[in-house]
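These notes concern the structure reproduced below.
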Amino acid sequence: MTIKKIVFSLSVVISTLLVSCEVTNFDLQDDPNSLTPISVSPDFLLNEIQIRFEESLSELSRNTNDVMRYEAMSDTYSDVAEPSALNGEWSDVYALRENMMLLNELVDEDEDLRFHRGIAKVLHAYSMATLVDYLGDIPFSEANAGGENFDPVPDDDAAIYMALLDDLELAIEDLNNVTFVPLNDLYFDGDATRWIKLANSLKLKLWLNIGDTAQVNALLIEDNLIETIADDFQFQYSATATPADSRHPLFGRGYEPGGQSEYLGNYFIWLLKDSKELRDPRLRYYMYRQTDTAPAGDFLNCEGNPIYDFCYTGDFYWGRDHGDAASTPNDRFLKTIYGLYPSGGAFDANNPVAGQNSINLGGAGIMPILTSFHINFFKAEAVLRLGANGDAATSLETGIRNSMQKVMEFDPSSAATGFAASQEDVNNYVVSVMEEYAVAANADARLNIVIRELYLATYGNSIESYNAYRRTGFPANIQIPIINESIPFPRTFAMPLNPVNRNSSLNQRPITTQVFWDTNPSDFIN
Amino acid sequence: MKMKIYYLLICLFTGVLSFAQQKEVSGTVSAEGTPLPGVSVVEKGTTNGTQTDFDGNFKLSVKENAILSFSYIGFESLEVSASNTTLNITLQEDFNELDEVIVVGQGISKSKKALGYAVSTVSGEELENKAESDVARALQGKVAGVQILNPGGSTGSEPSVRIRSSLSLTQTNSPLIVVNNVPFSGNLIDIDPNDIAELSVLKGLNASLVYGSEGRNGVILIQTKSGSLVKGEAKTTVNFSQTTYTNTVANLPDYQNKYGQGSDGTFAGGNIGSWGPSFSSLESVPHPYAPQGDLFPEFSGLDVPYQAFPNNVRDFFNTGIGSVTSLNLTSRQEKTSFNVSAGYTDETGIIGNNDLRRFNIGLGGQAQLTEKLNISATLNHSTRKRNSQSGTSIFDLLLYIPRNVDVLSLPYENPQTGANAYYRASQNPSWLINNTGRNDDVVRIFGTMAADYKFNNNLSLTYRVGYDSETQDEFDFSNKGGIDDFEFGFLSLDYDKQVSVDQFLILSASYDLGSKFGFDSQLGINSRYITSKSNSSDTESQIVFGFQRPSNYTAVEAGATRGSQNLAGTFGQFEFNYDKFLYLTLSGRNDWGSTVEPENQQLFYPGASFSFVPTSAFDFGGTAINYLKFRGAYATSSGYPDLFRTRSVLNSNPQRFVTNDGNTIVTNGVRSLLPNPNLTPELHREFELGVEGKFFKNRVTLDASVFKRISEDQILRRDLDRSTGFDDVFTNVGRIDTEGLEVDLGIDLVKTKNFNWNFRNIFTAYETLVVDLGGTEQIGLGTRNFAIEGEPLGVLVGSYAMRDNQGNFLINPDNGELIISDEIGLQDRVIGDPTPDWTVTNINSISYKGFSLMAQLEYTHGGENFSDTVEDLMERGVTRDTENREGSFVLPGVYGDTGTGLAFLDSDGNAIPNTIQQNSLRTTFSNYYNADDLSTFDTSVFRIREIALAYSLNDKQITNLPFKNITFKLSGRNVFYRAPGFPEFTNIDPEVDARAGTTIPTTKRYALGINISF
């Protein structure tokens, strides 16, 4: 090979590599691995909004289970309502809103999508108002501006409520003018009239919080609320674990190989089991006992300790007192766990085994978000507390009956004969409560009964019992923490840590801060 | 044609010589009484010459009255008249500097005197025959300004390397690795430490300019044995080395063996903590598996003695064995040379199912094709296979298992299903080791080709291309039956391929401008094109236990990504010198990068440096100052963001939810990362000043640098409050400044013929300050680390124990416990700075005849870290720190108000001391360490990184040896450390406690190596 040949071949190699088109191509900014906003489907976007909604509500509810004594609080209020508690819920609500805004852009170009927009607006208003209930002032008017504003300033909580109520009017208008049904409606199966009832019921809930009698009366007169179980606003889970865990989040607590670490609250167990002459017909649906032996020894270190109110309520219901911070023995497969309703677990037919080995619904439960029993209890409360129109006793009775019916009809095939509640049990229960109501000394005592029954019925959605507790201070006999009594009850939760760290317009404040509609005294509840 | 004339002249000249009258001169050359072999002896004015032999003797035939010139590197040359036929010559050592030439990147060699910036060089011998399979770990502590962050003791894990701290908050801070002058995309662990001929570290931006933005984090230049060939006298050498080492766990805590499982002094069989009764107070307890009679009837109702198992944690760790074998063959001829090297590494880790196997083979050759054209090429192939567990959750509970639970003796699987079995509903670490795994298989092909064409003595053109292809196969699996992430079982298969093509074309010019001025320049074009792709499949829900193929899992997801990135640059570097003692270099580079929008793609950044060598300019006389150089540099560099951060995309999830009627719900949603079309490259600036010197007959060497870096337009992954609609965004914000000092001071304490002791000290200190965050208060950098304006980069933020003005703890008067900031609604604050104040390494090298002893000692001063591990160990009561626990404890402090966080005062306005007695469990477990600042510790640590003893024999000492040299080496790594800032018995090694969460403990290694050359 001559030198010329070498030089020639080298030059060819070099020029090919240096001047090839790849080397001069700098137009590489499009990400080939993701969808672009142009290719978005409004149906799939609405699905994202619907799922985010469920996630935000169910997480908020779970974070309140121990505050509201459904589960035993093993910490102090300040630990439960700590800054890291609501990071995820905050994210879900504002992510929902961001997706709604993209959906709104699509609707602006295509009026046929008004059903989509109506649903999105209702879900947005619901979740945003709930976040306000938990946190008070939060960013709203400056929020979701993307790169325009990294530090949105919080709005006054009352003003957010008003803006959401206005938005609900627009949502109703959209829902009255639907042409095109979304591909997946996970809540009402494409029935716009039920969405409108929900929008009205949500307005009732918000005005009830605010305590505006005139607005409540107006809604009662309009009378287009969730009145029957068929119209209940709830989220239905399934038994699918993979590829997408679609099971009830509370199911995971007691029915997985790790066993349940949380204890159910002794107060709540006692309220169902022993507070009345009759056992609550819902008890066997609500809770499942993993054992038929009573706790003792290492499993019952509270025994004889005077600070405990219950320690053990009997009948193999292994729960714990509110605020019991003692360490836990090896009882994950012995303690009482969530039952058939609402989490899709096992019906208690005196058939104790570890949750993971039980016959259960596999997590195909529901979250009762805003249902006919809620609306009836709200109506009763509005009469008693705000002097609204209506008959509180009738609403109370309807509320109880709707709750009972909902639980019993949830999955009748799971409820073993001999242990399932009968209509007679329900009637007896109703009679007993209504007798108690009839002899109650005053409106407060009657309101206490209404809220207590709401508290019992809204198991699986402690958002409503938390709000009711702050509105009314009831149930009156609710257990106060057995230790650290001086740590105040969280009238709101701490501002979530991530937003506080990332948004210079947000500051931490004490959990004694009250949301605008909570006008009760600061030491009102414990 | 010129060539022929030259030969002709030589022939004529020698022909003339042969007619002159000749005489034979012989003699000995020595220095300080020792014969000097290899001294060049030349008859002045001729090419007639020879070299002294091994005993310093020479013999040369010269003409009458000739002058003989004796020269030898490192000695002053001597001219002697050949008046006698026997000459005994003594040469004097020359303490003045040699004009050392080093490679400074892109294959450009420069006189060390000319450099305005710091370059550190580590010879291949310093990295060979170590009890380490990884070059990065072998480098630890050896270079000022270079930090090696160890990820833990898992075999095959890859440490991260930082040069002069971190430049960027979000871009890679890993230095560029350049192998045989071509950028290398792999990790240092891909390189066989025994194949390295020389390693240099370019620290500053001025030094790395020719590599452009890719070189902004410093450059590690590696010449492998195959890539550093020289031509010359025909010679073939073969080198073989073999190192075998043991690998044992180094930092387990000292456990207490007085108290067992439970709380408040009461036994509780399911507890994690060891706050139970003392072993002397209780005879027997139920077997840990007694409550699981349905699964394990043999333990049902069984009582076992209540006793401590002192080694229940230690027994979990194995002694790993490592072996590194390397073979290297080099052969050179007058115009060509060739090298082949092969290495095989095999290491087992300290925990089960953790091992590394690596095979490297490299070929290299070069040929001087014509007088003007030289070509060289290398080709390396490596395979690296590593097995480890899936994730690190194995260590979540392992380090603090109750003292009376002998975990290894317990069955870890459900005998029927193979599911996890343990004394509580937690993950049994043995189950994880035996039922999960991650197998990595990395194959790399790295080839380089270079052509140099010399137009004349002043001008040359170099073209160099590198092709680097890495394919990585990952097999990550879990059987079903575990806890949490491992409940249903999964199998993730990943295939990633990345190919980079890197090209350089450089025109070099070098001219003498008159007698005193010199000029040297490089002009270049550089292109780097990277394509990557990955294909993955994620399956979940194992069907039949124990079998791992996608067909045995029910839920399947697949992914594929593709990406291309293009970087190009042109650069120029112009060096002027005056009389070779004053140098000025001006440089500039223009980059184009494809990862930002077109209007932001181009960036120009200039630089300048000077070097002044007083010892060349003036005669200092004497032997006190042999070499002195002052240098200074200013440079800028850029950093382009990663791919696809400027344009909007959506997330799509084809399986977000499955309804009760079996419908799979598809979702599209706005991605939580906010795109930023205005993103621009980062701009970094650096000022550097340095001094280099050799003193006292070169027995003291000094190389010191101070630098200041200003990094502006930082590309931050700024965490956003989700109420903006997004979670984070890559944005150019703010400024980060780093100041640092690096000193390398070597002293020959003893230097005699047989005994030498060199004492080398490497000192590094730096601080990185967040100067400006563009109005944001703070930016999250990790779980607990933040960038906060006015604070050092990466400060720890957390909750803290409330204190009064005097610094006393505030105590809750209800229960006698500490009041902690987050419990009363106060925002977290800065609780520590993880960056150490300074580190110093002291390397002692002692040699006596064939023996040499090396000891590397290190001390790191300051820095703080939040330690989850300490918190866990203390809260679980397993170490001797919490052994003294009988009775009650009163936390020192004064009563405070849990509402306001202020101290209560008595009627006289005085604080009220706490007198409430609490037991040890309440104070330790439930309270004290909940304050993040009390779980934060000073990370100062003293360490004996390495001790090595070698003995070497060569063929001159033993004539009958069948080889030229043989060396035996005994060494130990990480043989001792002590971190006094941590609770005494936790034995925390801050080096692997550097991140929140538990990591695999560090290891201690002992090695025996042998190196033979033929």
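In what follows, chains are A, B, ... by sequence order, proteins preceding strands, each numbered from 1.
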| If every non-hydrogen atom of A/D151 is compared with every non-hydrogen atom of A/S505, which pair is closest and at what distance? | O-OG, 2.7 Å
| message | I need the minimum non-hydrogen distance between A/N503 and B/S723, along with the two atoms involved. | response | ND2-OG, 4.2 Å
| message | Does any backbone or side-chain atom of B/Y423 lie under 4.5 Å from a heavy atom of chain A? Answer side chain, backbone, both or neither. | response | backbone
| query | For A/P243 and B/E540, which heavy atoms make the closest approach, and how far apart are they? | reply | O-OE1, 3.7 Å
| query | With only heavy atoms counted, which part of B/E597 is less than 4.5 Å from chain A, the side chain, the backbone, both or neither? | reply | both
| Which is it for B/R671 and B/N651 under the side chain to side chain donor-acceptor pair (under 3.5 Å) test, yes or no, and what are the steps along the way? | CA-CA 5 Å; B/R671 185 175 67 171; B/N651 284 337; 5.5 Å; no
| query | Where does B/N676 contact chain A at under 4.5 Å (heavy atoms): side chain, backbone, both or neither? | reply | neither
| message | Does any backbone or side-chain atom of B/T561 lie under 4.5 Å from a heavy atom of chain A? Answer side chain, backbone, both or neither. | response | both
| task | Give a yes or no on whether the ring-centroid distance for A/Y94 and A/F140 is below 6.0 angstrom. | result | no
| said: Need one label for A/D75: side chain, backbone, both or neither, based on atoms under 4.5 Å from any heavy atom in chain B. | reply: neither
| remark: Bottom line for B/T646: the part with an atom under 4.5 Å from chain A's heavy atoms is side chain
| message | Heavy-atom cut-off 4.5 Å, strictly under: side chain, backbone, both or neither for B/V596 against chain A? | response | backbone
| Nearest non-hydrogen partners of B/N271 and B/Q261, listed with the distance | O-NE2, 2.9 Å
| query | Given a strict heavy-atom distance threshold of 4.5 Å, which part of B/T266 is in contact with chain A: side chain, backbone, both, or neither? | reply | side chain
| note | Under 4.5 Å to a heavy atom of chain A? For B/D814 that would be side chain
| request: Of all the heavy-atom pairs spanning B/S527 and A/V23, show the shortest one and how long it is. | output: OG-CG1, 3.4 Å
| field | Structural part of B/R656 lying under 4.5 Å from a heavy atom of chain A | value | both
| Given a strict heavy-atom distance threshold of 4.5 Å, which part of B/R645 is in contact with chain A: side chain, backbone, both, or neither? | neither
| By a 4.5 Å heavy-atom criterion (distance strictly below it), what part of B/F657 contacts chain A: side chain, backbone, both, or neither? | both
| field | chain B contact via A/L186 - side chain, backbone, both or neither, heavy atoms under 4.5 Å | value | side chain
| B/A419 portion near chain A, given a 4.5 angstrom heavy-atom threshold | neither
| Test: B/R647 and A/D30 ion pair at under 4.0 Å | yes
| note | Against chain B, residues from residues 78-89 of chain A with at least one heavy atom under 4.5 Å, in numeric order, are A/S78, A/D79, A/P83
| query | Tell me, side chain or backbone of B/Q655 under 4.5 Å from chain A's heavy atoms, or both, or neither? | reply | both
| task | Answer with side chain, backbone, both or neither: which region of A/F235 has an atom nearer than 4.5 Å to a non-hydrogen atom of chain B? | result | side chain
| field | Interface moiety of B/I483 toward chain A, non-hydrogen atoms closer than 4.5 Å | value | side chain
